[in-house]
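Just below is one structure, and these are the notes that go with it.
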Amino acid sequence: CLLRPDFPEDEADKLRQEMHSALDDLRDENGPLGRRFFARQLYGETHPYGRPAMGTAASLDRLTGAGARRWLERALCGGNLIATVAGDVGEARFRALLDRRIGVIRRGSVAKVDLPPPPTFARGRGYWLQIVDKPDCTQTQLLLGQPAVRRAHPDYLPLSVAATAFGGTFTAPSR
């Protein structure tokens, strides 16, 4: 995969069809569908957080084997690779193994990654209401939320612990 990727177009077509099917399935699953609308409402359609990570029908149609090859040529270089090993092997032996197996990968520099800007939220609104009408639904999904502190904020970790303790995760104790 690293040294001789081929990306045949027929495989890209098959994968694209599978991803379209997954999008269709998403429309039938009330929880993920609700979360998708919730994110779009909270972050807006122009911010990456407001768009679905798996893409849209239009973005999936733009994916090709040739595009995957171009991306790989930019991204796959020594400056972007991290190798790890676990077990009874020393650093020198591991480096020799890597040099012998994947030493032909071009060195290259670390690719620049453009991070999305921090999201902005409308101020002064009491709440947003988004209704996804699915008459054939047997269960209602209700999502409530608000912007929280950023991960870099000093209160982020204490708030995460408090949220877990008071039922904010699957591992929280029930009371």
| request: Please confirm whether the backbone N or O of T46 pairs with a side-chain atom of R51, one donor and one acceptor, at under 3.5 Å? | output: yes

| field | Same apolar cluster: M54 and M19, side chain cutoff 4.5 Å | value | yes

| message | Test your reading of the model: is there a side-chain donor-acceptor pair from S59 to the backbone of G55, 3.5 Å cut-off? | response | no

| said: If I take atom CD1 from residue I102 and atom CG from residue L76, how far apart are they, to the nearest 0.5 angstrom? | reply: 8.5 Å

| task | Of all the heavy-atom pairs spanning L143 and R35, show the shortest one and how long it is. | result | CD2-CG, 3.7 Å

| Is a donor on one side and an acceptor on the other found under 3.5 Å between the side chain of K134 and the backbone of R27? | yes

| If you look at every heavy atom in T64 and G67, which pair is closest and at what distance? | OG1-N, 2.9 Å

| request: For L98 and A83, work out which heavy atoms get closest and say how close. | output: CD1-CB, 3.6 Å

| OG1 of T56 to NE2 of H20: how many Å apart, nearest 0.5 Å? | 8.5 Å

| query | Are R69 and E73 within salt-bridge range, i.e. N to O under 4.0 Å? | reply | no

| Got a donor-acceptor contact below 3.5 angstrom from the N30 side chain to the Q141 backbone? | no

| Around atom CG of D88, are there more than 12 heavy atoms of other residues, nucleotides or ligands at under 6.0 Å? | no

| task | Identify the heavy atoms of R16 and L60 that sit nearest to each other, and give their distance. | result | CD-O, 2.9 Å

| field | Residue pair E91, R95: steps toward the salt bridge (Lys or Arg N to Asp or Glu O under 4.0 Å) verdict | value | CA-CA 6 Å; E91 181 180 343; R95 284 186 183 276; 3.0 Å; yes

| query | Between H47 (side chain) and P117 (backbone), is there a donor-acceptor pair under 3.5 Å? | reply | yes

| query | In this structure, are over 12 heavy atoms from other groups packed under 6.0 Å from R100 atom CZ? | reply | yes

| note | For G65 and F7, the nearest pair of non-hydrogen atoms, with its separation, is O-CB, 3.9 Å

| query | Which distance, rounded to the nearest 0.5 Å, do you find between the CG of L42 and the CZ of F37? | reply | 15.0 Å

| message | Membership question, hydrophobic clusters at under 4.5 Å side-chain separation (ILVMFWY): are L33 and F38 in the same one? | response | no

| note | Shortest non-hydrogen pair, F94 vs T84, comes out as CZ-O, 3.7 Å

